Number of protein chains: 2
Amino acid sequence: MRADARKNREHLLAVAGAAISEQGVEVSLRDIARRADVGLATLLRHFPTREALLDALLRTGFDELTARAEELETSEAPGDALVAWLRDCVGWTTEYRGATVLMAAAIEDAESALHASCVTLRAAGARLLTRAQAAGVARGDLDGADLFALVAMLAWLGDQPSLTPRADHLFDVVATALLTDEGSG
Amino acid sequence: MRADARKNREHLLAVAGAAISEQGVEVSLRDIARRADVGLATLLRHFPTREALLDALLRTGFDELTARAEELETSEAPGDALVAWLRDCVGWTTEYRGATVLMAAAIEDAESALHASCVTLRAAGARLLTRAQAAGVARGDLDGADLFALVAMLAWLGDQPSLTPRADHLFDVVATALLTDEGSG
DNA sequence: ACCTGAACACCGTTCAAGT
DNA sequence: ACCTGAACACCGTTCAAGT
């Protein structure tokens, strides 16, 4: 990549990150280009879709969450590790209002730029869940896809200003339900 | 209202209902007007905002759910009544993909055309919850706003095609958590 | 009273023309 | 290689002009 292109790309990512944290992931791409003093077509050239732009922005977070899952797998008790990781996932998405909907769409759309990251994240969660189930501290009738859906719906609460005040409490309610051994076996 | 105006209004509601059940609540208003063989400005004259249109469409369902809550309050055991009503609420929204987001926004926006209906619905749920708590069969650390948020997040799963297969199962997980007596008192 | 076409300011997509 | 203005087909809003 040419030097000016790389500079544009990095500047666009910085501006997009700021714009999204202010207005959410549905912010106008034209606005981002304007704020970056770049043509809209240039933004589209670097990131052909909104998902591609979001993927570039979220990748660091995705990688950190995956690494965090691996770390928790060895350092914490199975139940605590699972809940701690879920909390990290839900908390992380608060920086990217609206991203949950795009992630939910991406998990089953192999064409989406976000697909691979979402699948990796789901797999990391599934490993923590399986470990907790093997230890007999988590419901046995859930799998990685259920866990992904649970994280998504709890994260979604953080996207809705009117529901956000309840999000922490409802997280605990759901986490408690997860750690019951009902349905196991 | 003039006869032709009433006819337009009713026809628009029928067309809008069909369009929304096909494409969700974010369907283009221009499309609805086109399909109703009416000018876009006429649609906006009858329903000045998307929320106003949606409110007219959802009002029947809102009223039925409120009546259903009152009926369940006398006919069923407190815990069963609560869960049955939650199931009805979540199931009802599947006809209106995307409505959950608008309802979540409306519950705290007194200017929204949907506000009054949402508040009424929340109050109906709160009564069922209080009754179940008094009978000692529901968690005591939840209120009507928590319940509204729980319904919203479970209904939201039905809006996301990739998560919908898990919705019924996760409803049961959450319902079980609700009926635990942990946190009561 | 009620309806509507047209103008408006947006949006994301595409591409020929520039450097 | 990389960038961009301009044209395109959309969107919801507004309003003067029609019946």
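Order of the sequence lines fixes the chain letters, A, B, ..., with proteins taken first and strands second; residue numbering starts at 1 for each chain. None of the values given here were measured: they were computed from a predicted structure.
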May I ask you to say what [X] touches in the nucleic acid, namely base, sugar-phosphate or nothing, with a heavy-atom cut-off under 4.0 Å?
| X | value |
| --- | --- |
| A41(A) | base |
| R50(B) | sugar-phosphate |
| T42(B) | base |

Take the protein atom [atom1] of [X] and the nucleotide atom [atom2] of [N], then report the distance between them rounded to whole Å.
| X | N | atom1 | atom2 | answer |
| --- | --- | --- | --- | --- |
| R30(A) | dG12(C) | CZ | C1' | 7 Å |
| E51(A) | dG12(C) | CD | C1' | 12 Å |
| D37(A) | dG5(D) | CG | P | 11 Å |
| D4(B) | dG18(D) | CG | P | 19 Å |
| N8(B) | dT19(D) | CG | P | 17 Å |
| R6(A) | dA1(D) | CZ | P | 16 Å |
| D31(B) | dA9(D) | CG | C1' | 13 Å |
| K7(A) | dC2(D) | NZ | P | 16 Å |

N/O (side chain, S28(A)) to phosphate O (OP1/OP2, dC10(C)) under 4.0 Å: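 The answer is no; no side-chain N or O of S28(A) sits under 4.0 Å from OP1 or OP2.
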
Chi angles and distances behind the side-chain contact (heavy atoms from CB on, under 4.5 Å) call for W92(A), L58(A): CA-CA 10 Å; W92(A) 170 62; L58(A) 299 184; 3.9 Å; yes

Base-pairing mate for dG12(C) - Watson-Crick or G-U, with both contacts under 3.5 Å: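 Pairing partner, where one exists within any strand: dC8(D).
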
Complement of dC2(C), any strand, by Watson-Crick or G-U distances under 3.5 angstrom: dG18(D)

Any donor-acceptor N or O pair under 3.5 Å, side chains H115(A), D109(A):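 There is no such pair (donor and acceptor under 3.5 Å, judged by atom type) between the side chains of H115(A) and D109(A).
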
Polar contact flag, side-chain donor to acceptor under 3.5 angstrom, N8(A)-H46(A):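 The answer is no; no qualifying pair exists.
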
NZ/NE/NH1/NH2 to OD/OE distance under 4.0 Å, R131(B) and E73(B): no

Test: D143(B) and R166(A) ion pair at under 4.0 Å: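 Salt bridge flag = yes for R166(A) with D143(B).
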
First encountered from the 5' end of DNA chain D, between L40(B) and R2(B): L40(B)

5′-ward residue of the pair R34(A)/H46(B) relative to DNA chain C: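 Result: H46(B).
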
V38(B) side chain, from C-beta outward: closest of dT4(C), dC11(C), dA1(D): dT4(C)

